[in-house]
Amino acid sequence: RVWRVIPANGAADVAPHLLGSLVHQALRNWRFPSGIDDDAFRLWIQARLRQAGGVDQRRLEQTTARVVTLLLRLKSHELFDRILSAQRRLHEVPYTLSTPDGFELGRIDLLFQDVDGWNVVEFKTNRIRIDDREILDEQMGNAFPSQLGRYAQAVRRLLGVTPRCSLCLLDFHDNVRIVELPSVT
């Protein structure tokens, strides 16, 4: 992939698709920085950044800092402890379902089982700066239930259980926000 994201102000910025990919790689490997200055983690992320193509030093540092920030933010959230203490934790779960139109292929970010049952979590790294709760809820309501609905259907058909589904917004006004979608069908 070619990095062609140039902000209007001309400053280097983090390409959203690359940021999402790096965060998902860390989540898949359940690898988190121990702190803001975890050099081993930073080198691990930067190696993956270099694999993505010619990245200048400034962008390399900015992207690494954003990945570290998002992962430390999740690590300090109660969801992290819940996932960490789960009985089962499955990352990047692929599935194939037969449908009337053929086959549906998908990949669930995280499927974990805790004392309350099975849970599907879809992680989003997009920066969300919407102040109006109603607008945000409307956007969330329109954007993701069908995606999570497909994941819930896959879990129901493959495991025979109905999972709880949620979005984990890692950059909601510089915080983590969990959007529970309990009625996903």
Side-chain angles (χ1 to χ4, degrees), residues 1-86 88-94 107-114 119-131 133 136 139-140 143-144 147-148 151 165-181:
R1 292 184 181 172
V2 177
W3 225 352
R4 299 187 62 128
V5 176
I6 302 171
N9 64 9
D13 200 5
V14 178
H17 71 277
L18 188 56
L19 177 66
S21 175
L22 293 166
V23 169
H24 279 80
Q25 285 180 52
L27 291 169
R28 178 179 53 241
N29 291 290
W30 202 243
R31 185 166 184 168
F32 291 84
S34 61
I36 198 81
D37 294 322
D38 183 338
D39 289 334
F41 183 83
R42 294 175 75 78
L43 290 172
W44 185 77
I45 288 296
Q46 289 178 359
R48 276 136 191 84
L49 274 165
R50 287 187 179 97
Q51 289 173 347
V55 178
D56 64 75
Q57 190 61 34
R58 181 172 60 163
R59 196 166 296 197
L60 189 75
E61 291 299 325
Q62 282 184 314
T63 303
T64 301
R66 291 288 303 137
V67 170
V68 168
T69 297
L70 294 178
L71 291 172
L72 287 175
R73 193 176 286 164
L74 174 61
K75 197 174 170 185
S76 68
H77 193 274
E78 65 187 38
L79 176 63
F80 181 83
D81 293 329
R82 226 177 109 211
I83 296 167
L84 194 59
S85 65
R88 294 184 197 163
R89 186 178 70 229
L90 307 167
H91 300 274
E92 297 290 328
V93 180
R107 186 171 302 274
I108 299 170
D109 284 353
L110 177 64
L111 176 64
F112 73 95
Q113 183 184 27
D114 62 10
N119 301 270
V120 169
V121 179
E122 175 68 18
F123 293 98
K124 297 295 180 189
T125 58
N126 310 61
R127 256 189 197 155
I128 299 175
R129 299 292 181 261
I130 299 171
D131 289 322
R133 167 85 188 233
L136 175 66
Q139 287 185 359
M140 289 296 120
F144 302 109
Q147 178 184 16
L148 286 169
Y151 296 166
C165 296
S166 58
L167 294 168
C168 179
L169 307 173
L170 295 172
D171 198 2
F172 180 83
H173 293 276
D174 298 322
N175 292 295
V176 171
R177 176 164 179 206
I178 307 301
V179 180
E180 298 286 338
L181 300 173

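Nothing here was measured: the structure is a model prediction, and the numbers come from that model. Positions are given from 1, in the same order as the sequence printed here.
- Side-chain contact between Leu22 and Thr63 is present, with at least one heavy-atom pair separated by less than 4.5 Å.
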Report task. Please step through side chain to side chain contact (heavy atoms under 4.5 Å, CB included) for the pair Tyr151 and Leu148, ending with a clear verdict. Result -> CA-CA 5 Å; Tyr151 296 166; Leu148 286 169; 3.9 Å; yes
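- Residues meeting the side chain to side chain donor-acceptor pair (under 3.5 Å) test with Thr64, sequence neighbours left out: Gln46.
- Applying the salt bridge (charged side-chain N to carboxylate O under 4.0 Å, His left out) rule to Asp109 yields no partners; only residues at least two apart in sequence or on another chain are considered.
- Contact annotation: the side chain of Ile128 never approaches that of Arg177 to less than 4.5 Å [non-hydrogen atoms, C-beta and beyond].
- Remark: Thr125 pairs with Leu19, Val23, Leu70, Leu170 by the side-chain contact (heavy atoms from CB on, under 4.5 Å) rule, at least two apart or across chains.
- Taking the side chain as every heavy atom from C-beta outward, Val120 and Phe112 never approach each other to under 4.5 Å.
- For residues 36-45, the side-chain hydrogen bond (donor to acceptor under 3.5 Å, both in side chains) pairs, not counting sequence neighbours, are Ser34-Asp38, Arg42-Glu61.
- Between the side chain of Asn126 and the backbone N or O of Lys124 there is no donor-acceptor pair closer than 3.5 Å.
- The CD1 atom of Ile45 sits 8.0 Å away from atom CZ of Arg31, with the distance rounded to the nearest 0.5 Å.
- Every salt bridge (charged side-chain N to carboxylate O under 4.0 Å, His left out) that Arg127 has, sequence neighbours left out, goes to Asp171.
- Counting only distance, with no hydrogens or angles, the side chain of Ser76 and the backbone of Arg73 share a donor-acceptor pair below 3.5 Å.
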Report task. Could you check Ile83 against Leu110 for side chain to side chain contact (heavy atoms under 4.5 Å, CB included), going step by step and ending with a plain yes or no? Result -> CA-CA 9 Å; Ile83 296 167; Leu110 177 64; 3.4 Å; yes
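- Between His91 and Trp30, the ring planes lie tilted relative to each other; the angle falls in the 30° to 60° range.
- Judged by distance alone, the side chain of His173 and the main-chain N or O of Asn175 form no donor-acceptor pair under 3.5 Å.
- For Thr69 (side chain) and Ala65 (main-chain N/O), a donor-acceptor pair under 3.5 Å exists by modelled atom type.
- Residues Pro33 and Leu72 form a side-chain contact, since some pair of their non-hydrogen atoms from C-beta on lies under 4.5 Å apart.
- Nearest approach of Glu180 to Ile178, heavy atoms of both residues: OE2-CG2, 3.4 Å.
- Remark: Leu90 pairs with Val93, Leu111, Trp118 by the side-chain contact (heavy atoms from CB on, under 4.5 Å) rule, at least two apart or across chains.
- Scanning both residues, Gly35 and Val68, for their nearest heavy atoms gives O-CG1, 4.2 Å.
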